[in-house]
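Input: a single structure, listed below in structure tokens.
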Amino acid sequence: MSNKKPNTPKGTRDFGPAESAKRNHIISSIKAHFLNYGFSQIETPAMENLSVLMGKYGEEGDKLLFKILNSGDYLQKVSQEDFEQGSQHVLPSIAEKGLRYDLTVPFARFVVQNRNDLAFPFRRFQIQPVWRADKPQKGRYREFYQCDADIIGTKGVFSEVELTRLIQDVFKSLGYPNYLIKINHRELLFGLAQWCGLATKEIQFCTALDKLDKIGHEKVTEELNNLGADAEKLVQLFDLLGQDWNNMQKLEGIEALLPENPGIETVKTYFRYLKDSGENVSLDLSLARGLNYYTGIIFEVVAQDVKIGSICGGGRYDDLTGVFGLPDVSGIGISFGLDRIYDVLEEKGLFPDSLKVSAQALITHFDEKSFVHGMDLLSELRANQIPAMLFPDLAKINKQFNYANKIDIPYVIVIGEEEVKTRVYTVKQMKTGQQHSLALSELIKLLKAE
RNA sequence: GUGGUUGUAGCUCAGUUGGUUAGAGCGCCUGAUUGUGGUUCAGGAGGUCGCCGGUUCGAACCCGGUCUUCCACCCCA
């Protein structure tokens, strides 16, 4: 290991054949459900203008944005005054683009730009990488994929129900049952904040409350007290949160505190529409989610038996396009975290074995004559939609078999003098060791059977 | 961004108070096997001990820096 040993940048990874196959397994499953729900795919550039990205994810988000240096002499526009005032003042002069931080904001930009060509409500899905300059940890990468589905241009709670069912369908088809869909409503959170006497500090209230299951109610109480919350009301609040209630009981409990809150009716309707399919759905009044633009119901999906944070998140935003000049468009979206779902499936051993197969058959040979004959057989197999390879070098037969074994090829076809003459091929099933002599039509039938 | 942690062969890891030529298992290559892989046996290759610097007669080991990994904050998918 010399100092020349190359490496990918911190928090980024390569995906080899095995990993790519597993990732594709997840992507194709999610994509199939997106299509089944009527979403159309779009793609947007990896980079956006910083004016599009800045200020959309809160102060923290701005720090985590990767900025791209301007081309050419990027210091040219920096004035002495900017430089003396520090990096904050230099930034606008040296970088005007950044890597996208999520898929929702670029989508809002896309909607505004293409508003006249889109039919609303518009359902789009998007599967692309995003970048965050976070400090990497397990399940936290600097480059990771999001799989987003958004419905924009409708306020109906039915959209929330659609996305809930979509989540359920996806995890069902991935074979992972131990997830929990936590939901809450920003109006409820804001109502609670005001009720506690934190009318101007709703966001701080949310982020403090969000830590409840992590640091416990004493510490959260302490934080909220420091913000200036009404101590008596906090006692009432934590009394409510501590109850082991079902969703309806929780709703009734919070309705008693906030009788006029518009979020109550919305959440009630949501559960009514869900009917009996709300099995993995839980109203969690402490769920906050950091992103500033959410205004209505918010979602978070957690893996209950893997320590990895949330694997899917989303919510309703009433005015995301407003900042780009298109007001009064309500949208709702969810984002599946491909990389974390991967980590969950990997840890739980839920990837199917069949993903390993690289080709159905490898054609091996003893000499050049049989090698050349193998080329024709290869074409025949491929013409019959049988993924096949011909060993490309003249090599010892055991080397060829060894290769097939290593890359998990199920069938090896052997061609020698005899096979070329008779056109009856020897085929060995690697898993069982069984061997047959078959003419082409029989061979195709066998290889297609699997 | 703050604090901590990790790094030795392709992989998982040993390595004594600082002392010749740094080891094991697995994997890899060759042969037993010129019509058969996965089992077995024999042999072999592969390391500037993450990198740079310092202390020392002498450093995988001690010190500093740096990169990387993971963890706790922060925040999030």
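By convention in this document, chain letters (A, B, ...) are assigned in the order of the sequence lines, proteins followed by strands, and residues within each chain are numbered from 1. Note that the structure is a prediction, hence the values are computed from the model and not measured.
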key: Sugar-phosphate, base or nothing in reach of Lys406(A), heavy atoms under 4.0 Å   = sugar-phosphate

key: C1' gap between U5(B) and C73(B), integer Å   = 15 Å

ask   = Where the side chain of Glu60(A) is concerned, which of A77(B), C75(B), G35(B) is the nearest nucleotide?
value = C75(B)

task = Remember a base hit wins even if backbone is also touched, and classify Gly433(A) as base, sugar-phosphate or nothing at under 4.0 Å, heavy atoms.
result = base

key: Ring centre gap for Phe125(A) and Phe34(A) strictly below 6.0 Å   = yes

note = From the candidates U36(B), A77(B), C71(B), the one with an atom nearest any side-chain atom of Gln146(A) is A77(B)

message = In terms of relative ring orientation, are Tyr317(A) and Tyr293(A) parallel, tilted or perpendicular, with 30° and 60° separating the classes?
response = perpendicular

request  = State whether Lys10(A) places a side-chain N or O below 4.0 Å from either non-bridging phosphate oxygen (OP1 or OP2) of U68(B).
outcome  = yes

message = OP1 or OP2 of A72(B) versus the side-chain N and O atoms of Lys307(A): is any pair under 4.0 Å?
response = yes

task = Check the distance between C29(B)'s P and Asn398(A)'s CG and give it to me in whole angstrom.
result = 11 Å

Lys135(A) side chain near C70(B) phosphate (N/O to OP1/OP2, under 4.0 Å) = no

task = Please state the P separation for the pair C52(B) and U33(B) - nearest whole angstrom.
result = 48 Å

note = Applying side chain to side chain contact (heavy atoms under 4.5 Å, CB included) to Gln304(A) and not counting sequence neighbours gives Leu180(A)

request  = For Glu300(A), answer base if it contacts any base atom (sugar-phosphate contacts may also be present), sugar-phosphate if it contacts only those atoms, and nothing otherwise; contact means non-hydrogen atoms under 4.0 Å.
outcome  = nothing

task = Could you check whether Gly314(A) gets within reach of a base, just the sugar-phosphate, or nothing at all, counting any heavy atom under 4.0 Å?
result = nothing

ask   = Just checking Lys428(A): base, sugar-phosphate only, or nothing, at a heavy-atom cut-off of under 4.0 Å?
value = base

remark   = Hits for side chain to side chain contact (heavy atoms under 4.5 Å, CB included) against Pro17(A), two or more places apart or cross-chain, chain-then-number order -> none

task = Using a 4.0 Å heavy-atom cut-off across all strands, classify Asp339(A) as base, sugar-phosphate, or nothing.
result = nothing

request  = Please answer whether G37(B) and Tyr403(A) are stacked, defined here as ring centres separated by less than 5.5 Å and planes angled under 30°.
outcome  = no

ask   = Does any N or O donor sit under 3.5 Å from an N or O acceptor when you compare the side chain of Arg340(A) with the base of C76(B)?
value = yes

key: Check: Phe371(A) ring centre within less than 6.0 Å of Phe391(A) ring centre   = no

